[in-house]
Structure formats: C-alpha cells, structure tokens
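A short worksheet on the structure shown next.
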2 protein chains.
Amino acid sequence: MKLLEDRIRKDGVIREGNVLKVDSFLNHQMDIELFREIGKEFKRRFADVEINKILTIEASGIGIACVAAEYFGVPVVFAKKNKTKNIAGDVYTTRVESFTHGRVFDIIVSKQFLGKGDKVLLIDDFLANGKALEGLAELVHEAGAELAGAGIVIEKGFQRGGDAIRAKGIRLESLAIVESMDEKTGTIVFRENN
Amino acid sequence: MKLLEDRIRKDGVIREGNVLKVDSFLNHQMDIELFREIGKEFKRRFADVEINKILTIEASGIGIACVAAEYFGVPVVFAKKNKTKNIAGDVYTTRVESFTHGRVFDIIVSKQFLGKGDKVLLIDDFLANGKALEGLAELVHEAGAELAGAGIVIEKGFQRGGDAIRAKGIRLESLAIVESMDEKTGTIVFRENN
C-alpha cells in the first residue's frame, strides 16, 4: 500500500535493535484519515471472504480494527491482556510471550463473543515475531470459530512471524512489509506486495 | 441519547455492587454501527467548540474515540497505562487510582503529541468516580493545551465523578446518565439529559 509505505518513510523513526517507531500516526497518536484508507484496503483485499467479526488485541489494534470494521459492517471484539492468574471459566484464554515487553501474559476473550459459526478476521498494527497473532488464532480455534484471515498494517519481513503464520496456512495480508531498514542511513526497503 | 439508553436497557447487565456490564456492545465486543451514532452525537453536542485533537485512554476508550474522530476530522491520542516506574523525561504523566482494579497506575502521553495550541476533547466509555478523566485533564493541563470538553458514553450519575468534573468547570457531555439501577428488578433509571 503505497500511501502507507510513503508515510512510514516520512514519519517512521528507525531505532537501534530493528525498532521502527510509528507512534506519530499509528499506535500512540492515530491518524484517522489514514486508518480509513487502511480499512478500505483491508476490505479490498478480503472482499472475496465471508467475515462476520473482527478480532484484535488491546491496545493499539483497537482503533484500526474499529475503523476497518465500518467497511466490513461487522462488530469488533478485542482480546484483553491479563497479567493475573485468576481466569474465570467463561473465557477463552491462551498465553502469549512478548519480546518487546519481555514478559508472558494471558490473552482472554469472553466465550459470549466468539463461537461456532463466527468467521473471524484478525487485525493488528504490527507483526514481528508473530506471537500475538498466533495467540489470537489460537483463541479462534479454541472457540470453534473459523479463521478467515489476518490483516496487518506493518509486517517486519525480516522477523519470523509472517513466515510462521503463512506456514500455518493462514491467509495473511500485510499492507506494508519491511524487508530491511538501516538505522544509520534511515533507509527502509519494502517487499513488493500486491 | 435514546438509542443508547434503549441499548443499555436491552443488553446491559446489572451486577451486585452497582456494576453495569455493557461488554456485549461497548467495551469488549464493540458495535461499530452504534459507535458511529455515538460519534455523530458527540459531534452534534460539541459542534460549537473548536477541537483539533481527541485524547482518550487505553483500552476501551480507543475504539469510540477513533470512530468519533471521523466526525471531527482530527487525530486521536491515547494515554497509555504504565505499571512501571521508569518514565522517561519526554512524556507527560500523572497518577490515577482505579477503584475497579484496586490499584494505582501512571498514565502517560508523549510530549510530541500534546502541547500548546492543542484544543482537546477527552473521550471515554465510562465515568464513575472520575479518576481516569481527571487524569486525562491533568495531562492536558501539564501540556499547556486547552481542554475543550469531555465526552462520555455512560456516566454513573450516582457516583461522584460527573459532579467533580463539572465542579472544575469542565464541559461534560454524557450520552447516557444512569441515575439508579436495581439489580433485583433489572430496572435502570436515566437522568433527563438533552
């Protein structure tokens, strides 16, 4: 998605350790006009797929998922991150390892809001090692729902997540795939992508 | 807002201890069609006010704020909840006491995304004791920005938050104000409200 790649080049900041900061428009301050274009593009890419629910994870996936949902005409459910161990029996839960935050947490979704017959599109802002997305896919599986695919705004193509998700046969659409980035020159190379 | 009050009566669940669960349409599963109506109503109520930024707090405020922002044509910034004590110098921060979760946490916003000249509308899903909203107002004050007002989806009118916010001279628009609710009969009384 050229608009998005241009924006990442313009406003993204590369930091040591392959960190790409896009918090001026994607995940702290949020450019809602851009979110609308992102939502339209997700709808275009998944136009052939039946979807009746979008599942995302708190916090930074929520805004993108909600604006995208307007183009799909479906509700959004967000998985909650839970640091406690007291999980009631009325939720689906799985464990996710976060490299960014260096900790393990449970993600949970109420059984009321995900189940058999649901055709679920996963949406998130970033895909790096893929643990969060794998966790969401696991919740869909636990619920007996159908996983229609996953839409990601920025995939770090040089990390293992994208390949791992694709290897599971999950249809993955990443709107921008960063192939490599150079902290010193500020150069970002994107993968040719639809 | 009648549509919202009707929805709360239909799908809200009253629990012991004055808990009102609306997680089937507002803060776990999110009805995006309803969010659009909420967004339009916030715009109608704040039509006379100049606003160039919406500020909310993770997680459940984000979806409502993003959809509302489409009607205002402004970006959204969300304050992050931080449980660590390592706050860098490039953020505004204040402490918030959560009665629901029985703990104290810091909320933070990057100084990059809030500052002099900003005319800020606060948006959140719930107002009960008002601590989160007071925290957001404090961040706006720290940043030297102007607080245009606060838009709340559901105010618990029998708790102190709404009065405390109004007493500070903050323009507060709550789309539904619960005056009282009865767990045994399932009755909810709303305050007459625009």
Side-chain angles (χ1 to χ4, degrees), chain A residues 11 13 21 23-36 38-39 52-84 90-91 101-103 105 107-115 118 123 125, chain B residues 11 13 21 23-36 38-39 52-84 90-91 101-103 105 107-115 118 123 125:
Chain A
D11 291 329
V13 178
K21 279 180 73 81
D23 57 0
S24 65
F25 59 94
L26 195 67
N27 49 22
H28 185 15
Q29 181 165 254
M30 298 178 286
D31 179 339
I32 305 302
E33 281 306 306
L34 177 66
F35 280 24
R36 292 174 71 121
I38 286 170
N52 74 340
K53 198 162 275 186
I54 289 176
L55 178 65
T56 187
I57 182 166
E58 64 170 315
S60 44
I62 297 174
I64 298 153
C66 284
V67 175
E70 296 182 63
Y71 297 96
F72 287 89
V74 302
V76 174
V77 174
F78 70 89
K80 301 183 182 192
K81 292 176 181 170
N82 205 312
K83 291 116 232 156
T84 68
D90 53 355
V91 297
H101 300 101
R103 63 166 185 242
F105 52 88
I107 62 173
I108 63 171
V109 166
S110 169
K111 287 186 180 175
Q112 272 186 279
F113 308 130
L114 198 61
D118 279 332
I123 284 193
D125 57 339
Chain B
D11 291 330
V13 177
K21 279 180 74 80
D23 57 0
S24 66
F25 59 95
L26 194 68
N27 49 21
H28 184 15
Q29 181 165 255
M30 299 178 286
D31 179 338
I32 305 301
E33 281 307 306
L34 177 66
F35 280 24
R36 291 174 72 122
I38 286 170
N52 74 339
K53 199 162 275 185
I54 289 176
L55 178 66
T56 186
I57 184 165
E58 64 170 312
S60 45
I62 296 175
I64 298 153
C66 284
V67 175
E70 297 183 61
Y71 297 95
F72 287 89
V74 302
V76 174
V77 173
F78 69 88
K80 299 182 182 193
K81 291 176 183 172
N82 205 312
K83 290 117 230 154
T84 68
D90 53 354
V91 297
H101 299 100
R103 62 165 184 241
F105 52 88
I107 63 173
I108 63 172
V109 166
S110 168
K111 288 186 179 175
Q112 273 186 276
F113 307 131
L114 199 61
D118 278 333
I123 283 192
D125 56 338

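Chain naming here is simple, since letters A, B, ... match the order of the sequence lines and numbering starts at 1 in each.
- Going from atom CD of Gln29(B) over to atom NZ of Lys53(A) covers 4.0 Å, rounded to the nearest 0.5 Å.
- At a threshold of 4.5 Å between non-hydrogen side-chain atoms, the residues Phe113(B) and Asp23(A) count as touching.
- Residues Cys66(B) and Val67(A) have side chains in contact (heavy-atom distance under 4.5 Å, counting atoms from C-beta outward).
- Of the possible polar contacts, none joining the His28(A) side chain to the Val77(B) backbone as a donor-acceptor pair under 3.5 Å is found.
- Residue-environment remark: NZ (Lys21(B)) stays at or below the threshold of 12 foreign heavy atoms within 6.0 Å.
- Only the backbone of Asn27(A) comes within less than 4.5 Å of a heavy atom of chain B; no side-chain atom from C-beta onward does.
- To the nearest 0.5 Å, atom CE of residue Met30(B) and atom CD1 of residue Ile62(A) are 5.5 Å apart.
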Could you go step by step and tell me if Ile32(A) and Val76(B) meet the side chain to side chain contact (heavy atoms under 4.5 Å, CB included) rule? CA-CA 7 Å; Ile32(A) 305 302; Val76(B) 174; 3.9 Å; yes
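- For Ser24(A), the parts lying near chain B are the backbone and the side chain together; criterion is any non-hydrogen pair under 4.5 Å.
- Heavy-atom pairs under 4.5 Å with chain B were tallied for Val109(A), Leu55(A), Asp31(A), Leu34(A); the largest tally goes to Val109(A).
- With a 4.5 angstrom heavy-atom cutoff, Glu70(B) touches chain A via backbone and side-chain atoms both.
- The choice from Gly63(A), Ser60(A), Ala79(A) that makes the most heavy-atom pairs within less than 4.5 Å of chain B is Gly63(A).
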